[in-house]
Number of protein chains: 2
Amino acid sequence: MSKQAALPVIDLNAGTPCCPPLAVSRIPAETASVLAPAFKALGDPVRLQLMSMIASAEGGEACVCDLTPAFELSGPTISHHLKTLREAGLIDGERRGTWVYYRARPGIMRQLAALLVFDEAPAVQAV
Amino acid sequence: MSKQAALPVIDLNAGTPCCPPLAVSRIPAETASVLAPAFKALGDPVRLQLMSMIASAEGGEACVCDLTPAFELSGPTISHHLKTLREAGLIDGERRGTWVYYRARPGIMRQLAALLVFDEAPAVQAV
DNA sequence: CATCTACTTCGAAGGACTTCGAGACAGCCT
DNA sequence: AGGCTGTCTCGAAGTCCTTCGAAGTAGATG
């Protein structure tokens, strides 16, 4: 399970946006299929909080042992959510001694944000 | 839960971000519960494409009659997805004569983007 | 080596989501 | 009015998701 099935045209690890914002041009089906899972992974309150805790942690990384007690959920459940975030390419995990540390991957976050954000001037359009 | 407000402390219609980026401070549970559904709504390839088509449409709005034939899905299914986007506060629908037109709501999009995007140097966000 | 702790994987139960066809409702056209 | 077209709601079938406890693996410690 080292790779997600068919790896896309789109590099989720890239630091730069892969495509113009949602509001500028229609995104193709393949792009949607690749990026939707990332939004989906953020579409759960627990995972959104986990993501936030990891991204805002000191040193940019958080230990599972700090994450788990912050929720009223079992260890396995938190582990499952972390796996979901990992498979969506949003975080990376690393074992160092006894503990496992997770760290956010800013590249894909920037891509998602770039897709969403757009200015007042909505693409040309003579009305 | 001492919070009494029926739902959000957060105004999804606001033009300005409701909270500091994910990576700057940990978001509270209530914020996560309010914003997660919006990400969830974008977490489906069909809805992501619908959102894109609506946001990038000429005049800022798109007719269901243009949206439906772009997918190999039944009318009711597209209608259901549009309803999901509507309930997530991402789009607004309006009937004008025979057709129903949908238009994106930029406020919440900006909020989601603001949550995601963060610079190397986390700072207080300018307005 | 035995054992303890930290975390993950496995298997299962219950609920939520996607999709469809059938039917209902709204507005146009003859 | 009557019929036609566009869109939404309803109910059902199949699939996926969330959550758990139990069991498995990795590393530290005695």
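The analysis underlying the following values was restricted to heavy atoms, covering all of them including side chains, and did not include hydrogens, waters or symmetry mates. Throughout, protein chains are lettered first and strands after them, A, B, ... in sequence-line order, and every chain is numbered starting at 1.
For the side chain to side chain contact (heavy atoms under 4.5 Å, CB included) criterion with A:Leu50, the lone passing option out of A:Asp44, A:Ile91, A:Leu67, A:Leu90 is A:Leu67. For the side chain to side chain contact (heavy atoms under 4.5 Å, CB included) test with A:Tyr102, the passing option among A:Arg86, A:Glu61, A:Met51 is A:Arg86; the others fail.
For the pair A:Arg95 CZ and C:dT8 C1', the computed distance is 9 Å after rounding to whole Å. Nucleotide D:dT15 holds its C1' atom 13 Å from the CG atom of B:Asp44, rounded to whole Å. Put simply, CD on A:Gln49 is 16 Å from C1' on D:dT18, counting in whole angstrom units. In this structure, A:Arg96 atom CZ and D:dA28 atom C1' are separated by 16 Å, rounded to whole Å. A straight line from CD of A:Glu94 to P of C:dA6 spans 19 Å, rounded to a whole angstrom. Between the CG atom of B:Leu85 and the C1' atom of C:dC17 there is a distance of 14 Å, given to the nearest Å. Between the NE2 atom of A:His80 and the P atom of C:dC10 there is a distance of 13 Å, rounded to whole Å. D:dT9 atom P lies 11 Å from atom CG of B:Leu82, rounded to whole Å.
The listed nucleotides are D:dG6, C:dT18, D:dT18; the one nearest the side chain of A:Arg47 is D:dT18. Among the nucleotides C:dT18, D:dT18, D:dG6, the one closest to any side-chain atom of B:Cys65 is D:dG6. Closest approach to the A:Val100 side chain among D:dT9, D:dC8, C:dC7 is made by C:dC7 (side chain taken as heavy atoms from C-beta onward).
Comparing B:Pro76 and A:Glu72 against DNA chain D, the residue whose closest nucleotide sits nearer the 5' end is B:Pro76. When the nearest nucleotides of DNA chain D are assigned to B:Thr68 and A:Ile78 by heavy-atom distance, the more 5′-ward of the two goes with B:Thr68.
A distance of 11.5 Å separates CD in A:Glu30 from CG in A:Leu35, rounded to the nearest 0.5 Å.
As judged by a 4.0 angstrom heavy-atom cut-off over every strand, A:Tyr102 is placed among residues touching the sugar-phosphate backbone only. No engagement by B:Gly75 is indicated, since no non-hydrogen atom pair under 4.0 Å with the nucleic acid exists. B:Leu73 comes within 4.0 angstrom of sugar-phosphate atoms only, judged by non-hydrogen atoms across all strands, and of no base.
In terms of modelled atom types and a separation under 3.5 Å, the side chain of A:Ser56 and the main chain of A:Ser52 share a donor-acceptor contact.
Under 4.0 angstrom from either OP1 or OP2 of D:dT5 there lies no side-chain N or O belonging to B:Thr98. Neither OP1 nor OP2 of D:dC17 sits under 4.0 Å from any side-chain N or O of B:Lys40. A sub-4.0 Å separation between OP1 or OP2 of C:dT19 and a side-chain N or O of B:Thr77 is absent. For B:Ser74, a side-chain nitrogen or oxygen approaches OP1 or OP2 of C:dC20 to under 4.0 Å.
In this structure, B:Arg95 forms no cation-pi arrangement with B:Tyr101, as its terminal cationic atom is not both closer than 6.0 Å to the ring centre and no more than 45° off the ring axis.
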